[in-house]
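Right, one structure below, let's go through it.
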Amino acid sequence: MEGEGERGRKRGGRVCCVCNKERASVKRPKTLQHMCRECFFNAFESEIHQVIIQNSLFIAGDRVAIGASGGKDSTVLAYVLSKLNRLHNYGLNLFLLSVDEGITGYRDDSLQTVHRNHLQYQLPLQVVSYKDLYGWTMDQIVDVIGFKNNCTFCGVFRRQALDRGAALLKVDKLVTGHNADDIAETVLLNLLRGDVARLSRCTSITTGEDGPIPRCKPFKYTLDYFSTECIYSPNAYRGFAREFIKDLERIRPRAILDIIKSGENFRISTTTKMPEQGTCQRCGYISSQKWCKACVLLDGLNRGLPKLGIGRSRGGVGSENGKESKVDKSIQGKQCGTLDF
Amino acid sequence: MPITPTTNGGLELLCDSKKIHNVNIEQQNGEGKLIMKDLLSWVRTNLIKERPEMFMKGDTVRPGVLVLVNDCDWELSGQLDTSLEEKDVVVFISTLHGG
Ligand SMILES: [Zn+2]
Ligand SMILES: [Zn+2]
């Protein structure tokens, strides 16, 4: 639009510090530089390319699924990866992988976005639904359990759903749109929970290399204007950490990167016992317990004891016999939204 | 003064799912001047129907809400002191989950 440049200049808008020509329209949180739109896109895309190369995230011929929520981050990720793949001949076969949690209204919109991404970037799309995988939609789960702990279910179910979708697509890697904010938030949560094992692991750009499908986060160092979707629960514990991160970011954006750095620097002493990874006896998914978390939660839902496997056992909930209360106890305090202050 | 505030990225959920609002705002002081500070309180009173704390914190937007005045980050134009002119487009985008 022609009027826009005019408006900017009239107000003494600053000029882009890269091209010295266009009007600046963003202030990059990482460098505090003023940039025009075009130069910002260029800088952003070349940074992501550098991250991909320096961390050897992919090898030529890899089949890569992009975890596509329809949110801002994953839309940008689909765009940037397909562009860089073409531009730099990574030789990747890219796919969009989307999870339909079965949340009326909220999810419909974002699934439409995913479909648009699918057409726009011409990437094959696979949608896996909670209904198909677990026999329950998120709406049905919320009906039974209420809003309070839905984040626990969604976190556990979504993680498995992505893995199962990735297996269907026979991909070598799964990439997600997690950015620096998300990782810093997870560092804080793991610190507050005292979950040492996850503290340094959660900062790795690639995780799960020992599991079936490694996951990587090309936006690990990204501070630019996005967010990752969490099926929201405004009161969830995670919300406090997120708010804190956003407050910090306003004061000094790079503080986010410092938090990630400190997470990376936590080294687990050899005497700390790491949980052993086995497989779930019920569904075969990786699990350090007899049953994986999804199976424990599902079992509770199917037996009309939806609180089974969530947080601390209170009173008699989910502890009809010794075995269950043990399972219950062993996973307490490890999930999104499970801790009370 | 005609202004177009736009709520995006989940913030529209606080405004009956409406994203683009073409509105006419009376100048706050007799000087015919409107600044972002005035617009924020106007939006909060007139457009935000629920959970205003998702939109504002103190007298400014909640951290994590991105503000663009005519496609330009308001950090470059003086934030709350940014002066507005007729037909300006002000976009509010939540970068927090859901919104
Ligand atoms: Zn430029
Ligand atoms: Zn299982």
Side-chain angles (χ1 to χ4, degrees), chain A residues 1 3-8 10-16 22-29 32-37 40 69 71-73 103 105-107 109-110 151 179 181-182 185 223-234 236 238-239 242-251 253, chain B residues 1-4 7-14 16-19 33-36 50-99:
Chain A
M1 283 190 280
E4 259 171 43
E6 282 291 301
R7 273 167 202 275
K10 202 161 55 191
R11 277 179 220 181
R14 295 220 213 169
V15 170
C16 167
E22 298 299 317
R23 177 178 68 119
S25 49
V26 299
K27 181 165 143 194
R28 287 204 75 191
L32 306 179
Q33 285 174 308
H34 298 190
M35 287 189 182
C36 72
R37 203 194 305 220
F40 166 68
S69 64
K72 303 162 201 102
D73 287 29
I103 300 177
Y106 177 70
R107 227 41 191 162
D109 256 17
S110 35
C151 215
N179 62 25
D181 276 20
D182 301 312
E185 187 183 302
L223 294 176
D224 299 294
Y225 307 140
F226 317 100
S227 70
T228 302
E229 307 305 302
C230 167
I231 293 315
Y232 60 109
S233 220
R238 190 168 271 274
R242 171 145 301 206
E243 182 120 16
F244 176 69
I245 298 271
K246 285 290 175 193
D247 284 342
L248 267 184
E249 198 167 20
R250 178 169 278 180
I251 301 163
Chain B
M1 180 186 301
I3 298 274
T4 309
T7 41
N8 248 315
L11 281 178
E12 70 276 13
L13 298 174
L14 311 181
D16 296 333
S17 295
K18 205 172 154 200
K19 288 189 174 174
K33 217 179 134 203
L34 186 74
I35 60 171
M36 275 302 295
E50 55 179 298
R51 290 181 285 157
E53 72 281 4
M54 302 293 286
F55 177 62
M56 285 181 75
K57 187 170 180 179
D59 63 351
T60 187
V61 290
R62 179 180 176 186
V65 173
L66 173 66
V67 185
L68 304 173
V69 179
N70 299 323
D71 271 345
C72 176
D73 191 327
W74 79 332
E75 295 219 12
L76 301 179
S77 55
Q79 298 179 321
L80 288 171
D81 296 323
T82 308
S83 59
L84 295 171
E85 289 167 23
E86 280 191 14
K87 297 189 183 145
D88 276 351
V89 175
V90 181
V91 181
F92 300 99
I93 305 172
S94 172
T95 65
L96 293 148
H97 54 85

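Labels below follow one simple rule: chain letters A, B, ... track the order of the sequence lines, proteins then strands, and each chain is numbered from 1.
Heavy-atom minimum distance, B/C72 versus A/A24: SG-O, 3.5 Å. The shortest heavy-atom contact between A/K27 and B/D73 is N-OD2, 4.0 Å. For B/N70 against A/R23, the heavy-atom pair with the smallest separation is O-NH2, 3.1 Å.
Rounded to the nearest 0.5 Å, atoms CZ (A/R14) and OG (B/S77) are 11.0 Å apart. B/K57 contributes atom NZ, which lies 8.0 Å from atom CZ of A/R250 (distance to the nearest 0.5 angstrom).
Paired with B/P63 under the rule side-chain contact (heavy atoms from CB on, under 4.5 Å), one option of A/I251, A/L248, A/D247 passes, and it is A/D247.
Annotation: side chain of B/R62 is not in contact with side chain of A/K246 (no heavy-atom distance under 4.5 Å).
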